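Just below is one structure, and these are the notes that go with it.
Note that this is a predicted model, so its numbers are computed, not measured. We name chains A, B, ... by the order of the sequence lines, and we start the count at 1 in each one.
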Amino acid sequence: MRFQAPRGTHDILPSESHRWQRLETVFRDLSELYGYREIRTPAFEDYDLFARSSGETSEVVNKQMYDFRDKGDRHIALKPEGTAPAIRAYLEHGLGGQGAVTRLWYLTPFWRYERPALGRFRQAHQFGLELIGSPSPEADAEIIEMTVEFYRRIGIGGLRVLLNSIGRAETRARYREALLAHAASFLSTTDAETRERAEKNPLRMLDSKDPAMRAALDGAPKVTAYLEESSQQNFDRLQKLLDRAGVHYTLAPEIVRGLDYYTDTVFEVQSDDLGANNSLCGGGRYDNLVQELGGPATPAVGVGIGVERALIVMEAAGATIDAPRLCVYVVAATESARGQVAEVARELRIAGCSAVTDLDGRNLKAQLKQADRLAARYALLIGDDEMASGTVTVRDLATGEQQSVARADLVEALK
RNA sequence: GCGGAUGUAGCUCAGGGGUUAGAGCGCCUCACUGUGGCUGAGGAGGUCGUGGGUUCAAGACCCAUCUUCCGCCCCA
């Protein structure tokens, strides 16, 4: 029996893990620059945490959760997103203190039971930012600016940043009715599935790919026309702040997001290199979530950035990341030198120089071949001659040039 | 959950009922017993995704199932 990784999951192999490491470093450095601190939450949580936060009728909760009963009959779910666990931990440990603004970042796997396609997996990863405790558009701008800066730093700038405001919960309820009323005649002629979906979440109609639906929504009221005064003011202010920060964005009334907890600002970054799943990241403001999860009324804003999707777009954009190179391969040119080879390798590693040696008694040629394959910068040859003279032969594997270096000077010579 | 394509060597793929299943790349050995890459010669490596069926005969045809890929839905 040969096993395979479960459907929709992937091994990250040595040939690509350095790309992941690079993205992680960029994101971590950026987050810390803005004063965010890392939070790590468990892989699984109480099922109800997600049911309550994302909305019982949302797709994620409805059909995409990996949930199960554990041996203590607890209803558990693998996390399908990162925000709810972060807020749960924030509340559980009183991170907000007496109303302080809290900045959190994380890197987390998440799980959704979906049919795999381009950029869509059953286990994926996301970088997340949560800025908790500020109602100001300045906070929204900070999150969006960081997101755009992240993409710039990994070499995929110039992406579509789509921005919208969906207002407060009450606003949205009124807007939903208006939208349903506009589409009523179309919905009465369409299939049951489409109708059901529309009634469950009318806003979803807005980003439908179905041409008939799009036609039916032609001339439909815009959510921005329903915004309350404070929402509109904040939205205007956010746009000014983004302009000032040099962030290019497009107003996109069709961006509504799939999770119920969003309020006012929502945004998304898209790319054409992702096929049907063109969303690179998604975020927005969620002013009711903290309270819904049992905390004090606390405004917050955040973003989830898809790691796999960022990598796909980087690949398509030709943004390459060099694999780390081995510094030296220490070769035993004669059998009697094997002890010395191990000793030299150990010294070099202490000095911070990566070193590999042959373990299986292979001959000189085979060892050099290994050195070549591992893309080592230098092969260090040690044989009877070198041992007699207390030297090491340093061979530059790119040029083939060799020079004899005294063992005492070796670390210095390799710098 | 629905639709389409797909699975043969480590990798990329050919073979479309008839001997012992092939190629390129990669790997190992030798030419070259203290020198990698280039060249030449030789070699290893396959339950043809899995299970059933049809047939004198199945890698090939049929059914089921799983994977991967793409689309729908949805989203990162």
Give me the distance, rounded to whole Å, that separates B/G71 from B/G17 when you measure between the C1' atoms they each carry. 34 Å
Quick check: on RNA chain B, is the nucleotide nearest A/T9 upstream (toward 5') of the one nearest A/G304, or the reverse? Name the residue that is more 5'. A/T9
Between the base of B/A76 and the side chain of A/Q270, is there a donor-acceptor distance below 3.5 Å? no
NA contact type, A/G383, heavy-atom cut-off 4.0 Å: base, sugar-phosphate, or nothing? base
A/E308 near the nucleic acid: base, sugar-phosphate alone, or nothing, with a heavy-atom cut-off under 4.0 Å? nothing
Can you check the A/D372 CG to B/G26 P distance for me, whole Å? 12 Å
I'd like to know whether NE2 of A/H248 has more than 12 heavy-atom contacts from other residues, nucleotides or ligands below 6.0 angstrom. no
Polar contact flag, side-chain donor to acceptor under 3.5 angstrom, A/E130-A/Y106: yes
Out of B/G71, B/C75, B/G34, minimum distance to the side chain of A/A117 belongs to B/G71
B/C74 P sits how many Å from A/N278 CG, rounded? 13 Å
N/O donor-acceptor pair, side chain A/R373 with base B/G36, under 3.5 angstrom: no
Using a cut-off of 4.0 Å on non-hydrogen atoms, how would the nucleic acid contact of A/L280 be classed: base, sugar-phosphate, or nothing? sugar-phosphate
B/A60 and B/C48, which share atom name C1', separated by this distance in whole Å: 10 Å
Taking the side chain of A/R309 as its heavy atoms from C-beta onward, which of B/C75, B/U35, B/C69 lies nearest to it? B/C75
For A/A398, report the nucleic acid contact type (base, sugar-phosphate, nothing); a contact means any heavy atom under 4.0 Å. base
Can a donor-acceptor pair under 3.5 Å be found between the side-chain atoms of A/E114 and the base atoms of B/G1? no
With ring-ring contact (aromatic ring centres under 6.0 Å, His included) as the criterion, how do A/F127 and A/F150 come out once you've worked through the C-alpha distance, each side chain's angles and the decisive distance to 0.1 Å? CA-CA 10 Å; A/F127 297 126; A/F150 170 73; 5.5 Å; yes
Rounded to whole angstrom, note down the C1' distance from B/C72 over to B/A9. 37 Å
Across all strands shown, which nucleotide pairs with B/G37 by Watson-Crick or G-U wobble geometry, both distances under 3.5 Å? none
Separation between CD1 (A/I87) and OH (A/Y261), nearest 0.5 Å, reads 9.0 Å
Looking at every strand, decide which applies to A/A333 at a 4.0 Å heavy-atom threshold: base, sugar-phosphate, or nothing. base
For atom C1', what is the distance between B/G49 and B/C2, given to the nearest Å? 24 Å
Nearest-neighbour nucleotide for the A/Y113 side chain, B/G1, B/U35, B/C69 considered: B/G1
Could you check whether A/Q270 and A/E268, counting side-chain N and O atoms only, form a donor-acceptor pair closer than 3.5 Å? yes
Whether the side chain of A/Q4 and the base of B/U68 hold a donor-acceptor pair under 3.5 Å is what I'd like checked. no
Side chain of A/Q370 only, heavy atoms from C-beta on: which candidate in B/C28, B/A76, B/C2 is closest? B/C28
Quantified in whole Å, what is the P atom distance between nucleotide B/U47 and nucleotide B/A31? 33 Å
For B/U68, does either OP1 or OP2 sit under 4.0 Å from a side-chain N or O belonging to A/R7? yes
Does a side-chain N or O of A/K365 approach OP1 or OP2 of B/U35 to a distance below 4.0 Å, or not? no
Provide, to the nearest angstrom, the distance between the CZ atom belonging to A/F50 and the C1' atom belonging to B/C75. 16 Å
Could you tell me whether A/K369 contacts a base, only the sugar-phosphate backbone, or nothing, with contacts defined as non-hydrogen atoms closer than 4.0 Å? sugar-phosphate
Identity of whatever pairs with B/C2 - Watson-Crick or G-U, under 3.5 angstrom: B/G71
Could you tell me how far B/G18 sits from B/A57 if I compare only their C1' atoms? Round to whole Å. 7 Å
Given A/Y175, which partner from the list A/I166, A/L180, A/V223 fulfils the side-chain contact (heavy atoms from CB on, under 4.5 Å) test? A/V223
Atom CD of A/Q403 to atom P of B/U35: distance rounded to whole Å? 20 Å
Pair A/D70 + A/R74, salt bridge at N-O below 4.0 Å: yes
Taking atom P in both B/G7 and B/G15, what distance in whole Å separates the two? 11 Å
Among B/G34, B/G36, B/C70, the nucleotide that comes nearest once only the side chain of A/L118 is considered: B/C70
Give the rounded distance in Å between these two atoms: CD of A/Q367 and C1' of B/G37. 17 Å
For B/U19, which nucleotide in any strand shown is its Watson-Crick or wobble partner with both distances under 3.5 Å? none
For atom CG of A/N363 and atom P of B/A31, their distance in whole Å: 10 Å
Starting at atom CD of A/Q64, determine the distance to atom P of B/A76, rounded to an integer number of angstrom. 9 Å
Contact class for A/E268 (heavy atom, under 4.0 Å): base, sugar-phosphate, or nothing? nothing
Could you tell me the separation between the OG1 atom of A/T265 and the CG atom of A/L163, rounded to the nearest 0.5 Å? 6.5 Å
Atom C1', compared across B/G1 and B/A58: separation rounded to whole Å: 35 Å
Please report, rounded to the nearest Å, how far the C1' atom of B/C32 is from the CG atom of A/L364. 11 Å
Give one of base, sugar-phosphate or nothing for A/G8, where a contact means two heavy atoms less than 4.0 Å apart. sugar-phosphate
Distance-only donor-acceptor test, A/R362 side-chain atoms vs B/C28 base atoms, 3.5 Å: no
Mate of B/U65 where both pairing distances stay under 3.5 Å, Watson-Crick or G-U: B/G49
Distance col, row A/L380:CG vs A/T357:OG1, nearest 0.5 angstrom, shows 11.5 Å
Take A/V307 and A/E401, find for each the nucleotide of RNA chain B with the closest heavy atom, and name the residue whose nucleotide sits nearer the 5' end. A/E401
Using Watson-Crick or G-U wobble geometry with both distances under 3.5 Å, which nucleotide pairs with B/C25? B/G10
Counting side-chain heavy atoms from CB outward, which of B/C69, B/G36, B/G34 is closest to A/L368? B/G36
Using a cut-off of 4.0 Å on non-hydrogen atoms, how would the nucleic acid contact of A/L397 be classed: base, sugar-phosphate, or nothing? base
